[in-house]
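One structure is given here, and the rest of the page talks about it.
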Amino acid sequence: MEKKVRVRFAPSPTGGLHIGGVRTVLYNYLFAKHHGGDFILRIEDTDQTRYVPGAEEYIYQTLEWCGLHPDESPKHGGNFAPYRQSERKEMYRKYAEELVQKGYAYYAFDTAEELDAMRARLRTNENPSPQYDRTVRMQMRNSLVLSEQETADLLAAGTRHVIRIKMPENETLSFTDLIRGEVTFDTSVVDDKVLLKADGMPTYHLAVVVDDYLMQISHAFRGEEWLPSAPVHVLLWRYLFGEDAMPQWAHLPLILGPNGKLSKRDGAKYGFPVFAANWTDAKTGELTEGFRERGFLPEAFINMLAMLGWNDGTDQEVFSLEELVQKFAIEKVHKGGAKFDYEKAKWFNHEWIKKLDVKHYEGEVKKIFVEKGWHPGVESYLEKVLNLVKDRCTLLSDFWEHSYFFFKAPAELDTTPIKSKWNDTKEGFFFSFAKALSSLSDWSAASIEALFKQLAEQASIKPGELQLPLRIMLVGGKFGPPVFDIVQVLGKEEAIGRIHSGLNMIREAV
RNA sequence: GCCGCGUUCGUCUAAGGGCUAGGACACCACCCUUUCACGGUGGUGAUACGGGUUCGAAUCCCGUACGCGGUACCA
């Protein structure tokens, strides 16, 4: 009987979510939904020294923006609550004690100073980072070397201590990774990791195993940086719950920056966001820009991340979330890390801006417009304008520069391109064009263009000679969408008004 | 240092023994457009290196190099 698919994303609330984290959530979500399973959000806040206020709320907001809704979480609740590890603190100790009882773990009373001293003593060029492992554990202060009575006394006296796993010697451990296949380790080279800290909190290693078991997680996907500690987790599963109950692992490749692992610094250095949404560090006040505020659509952001390390085997690159859910297969995830390319990210956004109806992002665009000093006007007019310029916008923030002139008549004109060729015949043409426009009944770009060409022919001027002046009168310079589309969207009254004031300005300039 | 993972155009990737190694981004050229873009067409450009196995290898095996990750009472 197949277990129900249950996956979890388990971030620690220590700051903004960067794109590597978001991709991990995405793949978890896609896998769960593809298999009709549950997607759980668990907050791993066992390190109280690194806890950052606001970080958890930020995670919810980011997931919501991306459209990745958890079935269970601290906020949404669920049958396996609590979902915050700090609130589960009492549950872990008993498993750690169980391991000690079974001889798989031991109490260690070494102080931070003693650990430092051990490392300093053993450090050499050949061994730059000595570990607390089988080679030194019998020289330390722990229940392996202390007598039972001494250990009991220390414990009874409330001596600060941790519980460490006792890694077996010379054992070959392997497990099957859904992406990488069989991965093998020699237990002798893994150190005696701390399982339960002196403050009573579990470390990640204990917590992830206990919680994955208690929350009936069927598949566990996480970043590749966890691969080296996988043997510890496999062992804990074996000792505590049996390897048969262990979730299937998949270690996701890393997302790289221009040189090495992608970092916040890369973003600042190369001018692209690395966080999903803006993040302000409460302590330093430092703001790290997000994709969202940069003008990315969630659809594009998700799409771009999904393709960074995965594809369905075809040439298709633009996928909606629904399509991704339908087609996602964890086996097709790449093994190698992927270098993030901001240009490609922008391309995805451009594709989505073109593809989506403007109603989808009108609200966001309005916010940006208001910041630029725009006053909300007629809804249908705004929509027409956005539809006209959407193809030329890569980011939502591009809309303003491509359309501001629809909301405000030009205060001055760039007449340099037309000045030298300006004459009375042309002026006369525009007078009669404006007049003819006022009585035009079919107000469409096509009939405006027909009218324009007809009058041009009557005046014996090539229409091409007149289009640029018209454009400049309407928008102020050499830019914007096709000129007759501009006339149409502007509307009769506004277009005629701009032609008349444009003529005045040209006359002054010539 | 040790351990692990990886390596196809500049970048993301397809091809998992068999056509001139395909697509996308970026770049270049041309076309479209008497604005600027969009768009269209075409082009430059890759199997890290060395050995095997095989009629045949990007693909399987071994070695080397390089990259990345880990090596905390952080996750």
Side-chain angles (χ1 to χ4, degrees), chain A residues 10-14 44-47 49-50 85 108 110-112 115 119 123-133 160-164 177 179-180 183-186 188-191 193-205 207-208 222-231 251 253-254 256 258-261 304 307-318 334-348 350-351 354 389-394 398 401-402 414 417 462-468 470-472 474-475 477-483 486:
Chain A
S12 34
T14 54
E44 309 223 331
D45 55 348
T46 55
D47 185 358
T49 62
R50 293 212 308 162
Q85 287 182 332
D110 316 275
T111 62
L115 290 175
R119 295 202 168 95
R123 189 170 352 235
T124 61
N125 281 344
E126 307 300 86
N127 184 15
S129 44
Q131 299 181 304
Y132 198 122
D133 61 13
R160 280 180 75 81
H161 66 279
V162 301
I163 292 179
R164 286 180 181 270
D177 184 286
I179 295 171
R180 291 154 210 282
V183 184
T184 304
F185 298 88
D186 182 344
S188 308
V189 300
V190 183
D191 62 329
K193 293 260 182 260
V194 168
L195 266 19
L196 198 73
K197 299 187 261 191
D199 64 1
M201 279 287 195
T203 59
Y204 172 83
H205 305 104
V208 73
R222 69 225 304 194
E224 190 184 350
E225 70 269 25
W226 288 109
L227 201 43
S229 47
H251 290 85
L254 264 15
L256 278 6
N259 32 23
K261 193 181 178 181
M304 176 273 290
M307 302 312 284
L308 216 50
W310 175 87
N311 71 86
D312 73 341
T314 72
D315 285 342
Q316 184 177 352
E317 292 195 272
V318 177
H334 253 244
K335 295 180 177 75
K339 203 172 282 187
F340 172 69
D341 181 9
Y342 185 54
E343 293 304 320
K344 187 83 185 228
K346 284 194 292 191
W347 176 79
F348 276 108
H350 185 39
E351 291 301 307
K354 287 191 289 181
V389 302
K390 63 191 276 202
D391 285 4
R392 2 176 35 105
C393 298
T394 297
D398 293 338
E401 62 163 298
H402 286 295
D414 174 15
K462 274 190 277 186
E465 289 275 303
L466 298 163
Q467 281 193 31
L468 192 54
L470 175 60
R471 167 181 300 281
I472 290 172
L474 295 175
V475 306
K478 287 178 65 169
F479 47 78
V483 71
I486 298 176

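Residue numbering restarts at 1 for every chain, and letters A, B, ... go by the order of the sequence lines.
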- Measure the acute angle between the ring planes of A:Y204 and A:W226, then classify it against the limits of 30° and 60° as parallel, tilted or perpendicular.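 Ring orientation, 0 to 90° scale: parallel.
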Which listed nucleotide ([options]) is nearest to the side chain of [X]?
X	options	answer
A:V194	B:A72, B:C73, B:C12	B:C73
A:S12	B:A75, B:C25, B:G39	B:A75
A:E317	B:C38, B:C74, B:A24	B:A24
A:W226	B:C73, B:A75, B:C12	B:A75
A:K354	B:C73, B:G39, B:U35	B:G39
A:L227	B:G4, B:G1, B:A75	B:G4
A:K197	B:C3, B:G69, B:C73	B:C73
A:R180	B:C12, B:U35, B:C5	B:C5
A:E465	B:U34, B:C74, B:C25	B:U34
A:D391	B:C73, B:G4, B:C38	B:C38

Using the [atom1] atom as the point on both nucleotides, what is the distance between [M] and [N], in whole Å?
N	M	atom1	answer
B:C25	B:A48	C1'	23 Å
B:G6	B:U47	C1'	15 Å
B:C60	B:A26	P	32 Å
B:C27	B:C62	C1'	40 Å
B:C55	B:G63	C1'	26 Å

- Message: Can you work out whether A:E224 or A:K193 has the more 5'-proximal nearest nucleotide on RNA chain B?
- Response: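 With A:E224 and A:K193 compared, the 5'-side residue is A:E224.
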- Between A:P202 and A:G336, just flag the one whose closest nucleotide in RNA chain B comes earlier from the 5' side.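 Between the two, 5'-proximity favours A:G336.
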Rounding to an integer number of Å, can you tell me how far [X] [atom1] sits from [N] [atom2]?
X	N	atom1	atom2	answer
A:D133	B:U71	CG	P	14 Å
A:M201	B:A75	CE	C1'	13 Å
A:E351	B:A26	CD	P	10 Å
A:H205	B:U71	NE2	C1'	11 Å
A:Y204	B:C74	OH	C1'	12 Å
A:I486	B:U33	CD1	C1'	13 Å
A:L466	B:U33	CG	P	18 Å
A:K261	B:C68	NZ	C1'	10 Å

Who pairs with [N] - Watson-Crick or G-U, where each distance is under 3.5 Å:
N	value
B:G67	B:C5
B:G16	none
B:A21	none
B:G43	B:C27

Under 4.0 Å between any heavy atoms, over every strand shown, what does [X] touch: base, sugar-phosphate, or nothing? Just pick one.
X	answer
A:A198	base
A:P463	nothing
A:D110	base
A:R50	base
A:F340	nothing
A:E126	base
A:V183	sugar-phosphate
A:S129	base
A:T184	sugar-phosphate
A:K346	nothing
A:H350	sugar-phosphate
A:G477	nothing
A:P253	nothing

- Base B:A24 to side chain A:K344, donor-acceptor N/O within 3.5 Å cut-off: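 Present.
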Is any side-chain nitrogen or oxygen of [X] closer than 4.0 Å to OP1 or OP2 of [N]?
X	N	result
A:N127	B:G1	no
A:H402	B:C38	no
A:T46	B:A75	yes
A:K339	B:G67	no
A:R164	B:C73	yes
A:R119	B:C73	yes

- Query: Hey, are the side chains of A:M304 and A:Y342 touching, using non-hydrogen atoms and a 4.5 Å cut-off?
  - Reply: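 The answer is no, as the side chains (C-beta and beyond) never meet within the 4.5 Å cut-off.
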- Could you check if a side-chain atom of A:L468 sits within less than 4.5 angstrom of a side-chain atom of A:K478, using non-hydrogen atoms only?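 Side-chain contact under 4.5 Å: yes.
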- Query: Between CG of A:D191 and NZ of A:K193, what distance do you get to the nearest 0.5 Å?
  - Reply: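 That separation rounds to 3.5 Å.
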- Message: Using every non-hydrogen atom in the two residues, find where A:R471 and A:F479 come nearest and quote the distance to one decimal.
- Response: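 Heavy-atom minimum between the residues: NH1-O, 2.5 Å.
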- A:H161 side chain to A:A198 backbone, donor-acceptor under 3.5 Å: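 No, the answer is negative, given that no donor and acceptor are paired below the 3.5 Å cut-off.
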- Sidechain-backbone polar pair: A:K197 side chain, A:T46 backbone, donor-acceptor under 3.5 Å: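 Looks like yes, one N/O pair under 3.5 Å.
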- What is the glycosidic conformation of B:C38: syn, defined as within 90° of 0, or anti?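 Chi for B:C38 falls in the syn range.
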- Test log, rule salt bridge (Lys or Arg N to Asp or Glu O under 4.0 Å), inputs A:D341 and A:K344: CA-CA 6 Å; A:D341 181 9; A:K344 187 83 185 228; over 6 Å; no
